[in-house]
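Right, one structure below, let's go through it.
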Amino acid sequence: MELFFDLVFVFVVTQVTRAVEAAPGWEGLFKALLPMIVVWWMFSGFGWLTNAVRPDAVPVRILLSLAMMAFLIMGLDVAYAFEPEGWAFPLAYLAVVAIHFGVYLTTSVSSSRRAIMRTVPFNAAAGLLVLVGPHLPDVWTWACWIVAALVLYLSLFLGRIRGFVIEPHHFVERHALLILVALGESVVAIGIGAQGQEPHAVDATLAVGVALGIAVAFCLWWLYFDGDETRAEEEFAKRDAHRRQILAHYAFTGAHLVMVVGIILVAAGITDAVHHFHDHTNPWWLGCGTAVFLMGHALYRALLKTGRTVDRLVGAATVVPLGVASAFAGWAGMTTVVVVLIAVATLDHRVAAGSP
C-alpha cells in the first residue's frame, strides 16, 4: 500500500519540475518550490503515519486512497498555487490534513494521539494561509506562503510537540523509498528531453545523451544507497524516543527535502541538457541541483553520524562553477556532473571499505 501510495509523489515531483522549467527565473523557481515544500511536509507526514498505523485495515486503505487523490490534485495545481484560480491546491491540502489526522487517531499509542492533536493546528493553519494568500496583493501572497512553510517546519518547537513513536527500520526504509521514487523523475526527464519538440528515431547523439542522463541519475542513486540506509537505521535505533523524533524531523523530513529539491533541479537540468545536447543550456540547474543534493546528503550524514561529509561538501562547492563553465553544451554539463559525482562516490566507497 505504501509503495502504491508513493506513485502519486512521482507525479507531484514531475509537475514541480515542469513548473521550474516553464519559468526559469528566481520567481518561477520559488513559485514551484514553495508548494513542493508544503506538499513534502504532508507526504513525509504519511511516512510518520504508516510508521504508527499499519495500512492493513480496509478503512485505513480507503482513507489513504482518498489522500492519494488529494495529492494528485495538488500536483495538477502546482503551477497555479499562487493564483486565485488555483483554489483546488489548498482545499486538497486541507483534505489531506484531515485524513492524516483522522487516521493517526486510530493508533494504539496514546502519546502519538496526543502528539498529533498538538500538530494538526499547525498543519491546518498552513493550509488556511495558502488558501487566503492568492487572493491578496502579491507581497502578501508571498508572505502567506513563506509563513505557511515556517509554521509547518517550526511546529515541532512552536507547539512543543513530542510523543511520536518511531520504529527505525520502517522509517529509514520509507524515506529511502521516497528518494528512490524521486530519482525516478530524473529518469522520466531523460525521456522528456529525448523527445524534444519533434520526436524522432534514436540516433547516435540521442543515444549518448540518454546514456549520460542515466549516468547522472545512477550516480545520485549510488551516493545515497551505498550502505547509508543500513548505517542510518543502526544509529537511529540507538537513540531514545525523544531524540528519534528530533532526528526524524531534521534528518528525514528536513534533509530529505533538500535532497528532493536537488533531484528536481537535476531533473530539469537533464531535460534541458538532452534537449540541447550541442547547444547552450541553463547554467544553474544541473550544477546547482547536484550541489543541493550533495549538501542535503551531507546534512543527513552529519545528523546521524553515518559517514564522511567532507567529500560531498567539496563536490558541492566544485560542481557549481564547473556546471556554469560547461553550460555551452548539454553533453559537457552532464559529463562534468558525472565526473564529479563518480569522484565523490568512489573516494567515499574506498575510504569506507578501508582501501588505500
When the ring planes of [X] and [Y] are compared, do they come out parallel, tilted or perpendicular, using 30° and 60° as the limits?
{"X": "Trp222", "Y": "Phe218", "result": "tilted"}
{"X": "Trp26", "Y": "Phe30", "result": "parallel"}
{"X": "Phe157", "Y": "Tyr250", "result": "tilted"}
{"X": "Trp40", "Y": "His175", "result": "perpendicular"}

Problem set entry | ring pair (Phe, Tyr, Trp, His ring centres under 6.0 Å) against Phe101, all qualifying residues, sequence neighbours excluded | none

Problem set entry | Pairs involving residues 165-178, ordered by first then second residue, that meet salt bridge (Lys or Arg N to Asp or Glu O under 4.0 Å) (sequence neighbours left out) | Glu2-Arg174, Asp6-Arg174

Exercise. Of all residues at least two apart in sequence or in a different chain, which pass the side-chain contact (heavy atoms from CB on, under 4.5 Å) check with Leu7?
Worked result: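 Per chain and number, Leu7 pairs via side-chain contact (heavy atoms from CB on, under 4.5 Å) with Phe4.
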
For this session: Using side-chain contact (heavy atoms from CB on, under 4.5 Å) as the criterion, list what pairs up with Leu247, not counting sequence neighbours.
Result: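 Phe236, Arg239, Arg243, Leu303, Leu304.
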
Just checking [X] against [Y], ring centres under 6.0 Å apart?
{"X": "Tyr224", "Y": "His256", "value": "yes"}
{"X": "Phe164", "Y": "Tyr104", "value": "yes"}
{"X": "Phe43", "Y": "Phe5", "value": "yes"}

Exercise. Under the salt bridge (Lys or Arg N to Asp or Glu O under 4.0 Å) test, which residues partner Arg301, sequence neighbours left out?
Worked result: Asp228, Asp348

For this session: Kindly write out the residues that satisfy salt bridge (Lys or Arg N to Asp or Glu O under 4.0 Å) with Arg114, not counting sequence neighbours, or none if the list is empty.
Result: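 Here no residue qualifies.
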
Exercise. Do Ser155 side-chain atoms and Leu152 backbone N/O form a donor-acceptor pair below 3.5 Å?
Worked result: yes

Exercise. With a 4.0 Å cut-off, would you call Lys31 and Glu27 a salt bridge?
Worked result: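 Salt bridge flag = yes for Glu27 with Lys31.
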
